[in-house]
Peer 1: 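Before I ask anything, here is the structure I am working with.
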Amino acid sequence: QVQFVESGGGLVQPGGSLRLSCTASQSIRSIYAMGWYRQAPGKQRELVARITGVTKTNYTDSVKGRFTISRDNAKNTVYLQMNNLKFEDTAIYFCNYPGGFWGQGTLVTVSS
């Protein structure tokens, strides 16, 4: 099973930016759909962004226009560029594909 290691989280002020990375333990070329998920305190995990194939992307409404998901199959890595961050973006962020194992995630805290 592919394992993922997420990184790039941290403390950022509202309006700031972060770029998250998700590196897989093996090739992700055969994984058609990869997603970034997040889980805020006291809430269920939700799908934030998804990339199918190389370029087709989908986003939950709350992040449209602010987040961008991308993938580099040669590096076995999926990225999430997050701009104009808001307090409500505070959460642990994970990457995964349907049926995959969950990693530890990376914590994003938006605070002034």
Side-chain angles (χ1 to χ4, degrees):
Q1 274 281 10
V2 181
Q3 296 184 342
F4 300 105
V5 177
E6 299 91 348
S7 62
L11 175 63
V12 62
Q13 293 185 339
S17 298
L18 285 174
R19 188 193 193 204
L20 306 184
S21 298
C22 166
T23 301
S25 59
Q26 55 189 274
S27 176
I28 61 171
R29 290 183 185 275
S30 63
I31 301 176
Y32 182 64
M34 284 293 304
W36 276 99
Y37 301 75
R38 68 184 179 189
Q39 187 166 17
K43 294 187 177 182
Q44 290 189 336
R45 190 174 293 167
E46 64 170 340
L47 177 63
V48 173
R50 181 178 65 179
I51 183 166
T52 53
V54 178
T55 59
K56 185 176 181 181
T57 57
N58 301 95
Y59 301 91
T60 192
D61 286 346
S62 62
V63 308
K64 283 181 181 176
R66 301 188 297 121
F67 289 12
T68 303
I69 186 172
S70 61
R71 65 192 290 171
D72 185 341
N73 288 340
K75 296 182 178 180
N76 299 332
T77 300
V78 182
Y79 303 98
L80 186 67
Q81 177 67 43
M82 307 188 296
N83 299 327
N84 190 22
L85 283 160
K86 303 178 179 181
F87 292 119
E88 53 264 39
D89 294 319
T90 295
I92 300 175
Y93 285 72
F94 307 83
C95 70
N96 210 342
Y97 64 95
F101 287 119
W102 294 100
Q104 296 298 307
T106 185
L107 176 62
V108 172
T109 303
V110 184
S111 176
S112 55

Peer 1: Please give me the minimum heavy-atom distance between V2 and Q26, naming the atom from each residue.
Peer 2: CG2-CG, 3.5 Å
Peer 1: Looking just at side-chain N and O atoms, do S17 and N83 make a donor-acceptor pair shorter than 3.5 Å?
Peer 2: yes
Peer 1: Of all heavy-atom pairs between G9 and V108, which one has the smallest distance, and what is that distance?
Peer 2: CA-CG2, 4.1 Å
Peer 1: Can you tell me if Q3 uses its side chain to pair, donor with acceptor, with the backbone of G103 under 3.5 Å?
Peer 2: no
Peer 1: Taking side chain as C-beta onward, heavy atoms only, is Y93 less than 4.5 Å from L80?
Peer 2: yes
Peer 1: Going from SG on C22 to CE on M34, what distance comes out if it is rounded to the nearest 0.5 angstrom?
Peer 2: 4.5 Å
Peer 1: Looking only at heavy atoms, which two atoms of A33 and P98 are closest? And how far apart?
Peer 2: O-CD, 3.8 Å
Peer 1: Check whether V110 and M82 end up in the same hydrophobic cluster, where Ile, Leu, Val, Met, Phe, Trp and Tyr are linked by side-chain heavy atoms less than 4.5 Å apart.
Peer 2: yes
Peer 1: Does the side chain of L11 reach to within under 4.5 Å of the side chain of S111, using non-hydrogen atoms?
Peer 2: yes
Peer 1: Check for me, please, whether L107 and W102 land in the same ILVMFWY cluster - side-chain distances under 4.5 Å, paths through other members count.
Peer 2: yes
Peer 1: Same hydrophobic cluster for L20 and I51, using side-chain heavy-atom links shorter than 4.5 Å among ILVMFWY?
Peer 2: yes
Peer 1: Answer yes if L47 and I92 sit in the same cluster of Ile, Leu, Val, Met, Phe, Trp and Tyr residues linked by side chain heavy atoms under 4.5 Å apart, and no otherwise.
Peer 2: yes
Peer 1: Using every non-hydrogen atom in the two residues, find where S112 and F87 come nearest and quote the distance to one decimal.
Peer 2: N-CE2, 3.9 Å
Peer 1: To the nearest 0.5 Å, what is the distance between CD (Q104) and CZ (F4)?
Peer 2: 14.0 Å
Peer 1: Nearest 0.5 Å, please: how far is OH in Y97 from SG in C95?
Peer 2: 10.5 Å
Peer 1: Say whether Y37 and V5 are linked into one hydrophobic cluster, either directly or through other cluster members, by side-chain heavy-atom distances under 4.5 angstrom.
Peer 2: no
Peer 1: Would you kindly check if the NZ (Lys) or CZ (Arg) of R71 is within the cone defined by 45 degrees around the ring axis of Y79 and under 6.0 Å from the six-membered ring centre?
Peer 2: no
Peer 1: Run the ring pair (Phe, Tyr, Trp, His ring centres under 6.0 Å) check on W36 and F67 step by step: do they pass?
Peer 2: CA-CA 10 Å; W36 276 99; F67 289 12; 9.8 Å; no
Peer 1: Of all the heavy-atom pairs spanning L18 and G8, show the shortest one and how long it is.
Peer 2: CD2-O, 3.8 Å
Peer 1: Does atom CD (E46) have a neighbourhood of more than 12 heavy atoms from anything else shown, all under 6.0 Å?
Peer 2: yes
Peer 1: So which heavy atom on V78 is nearest to which on S70, and how close?
Peer 2: CG1-O, 3.3 Å
Peer 1: What distance do N76 atom CG and I28 atom CD1 have between them, rounded to the nearest 0.5 Å?
Peer 2: 6.0 Å
Peer 1: Any salt bridge (charged side-chain N to carboxylate O under 4.0 Å, His left out) pairs touching residues 87-110, not counting sequence neighbours?
Peer 2: R38-D89, R66-D89
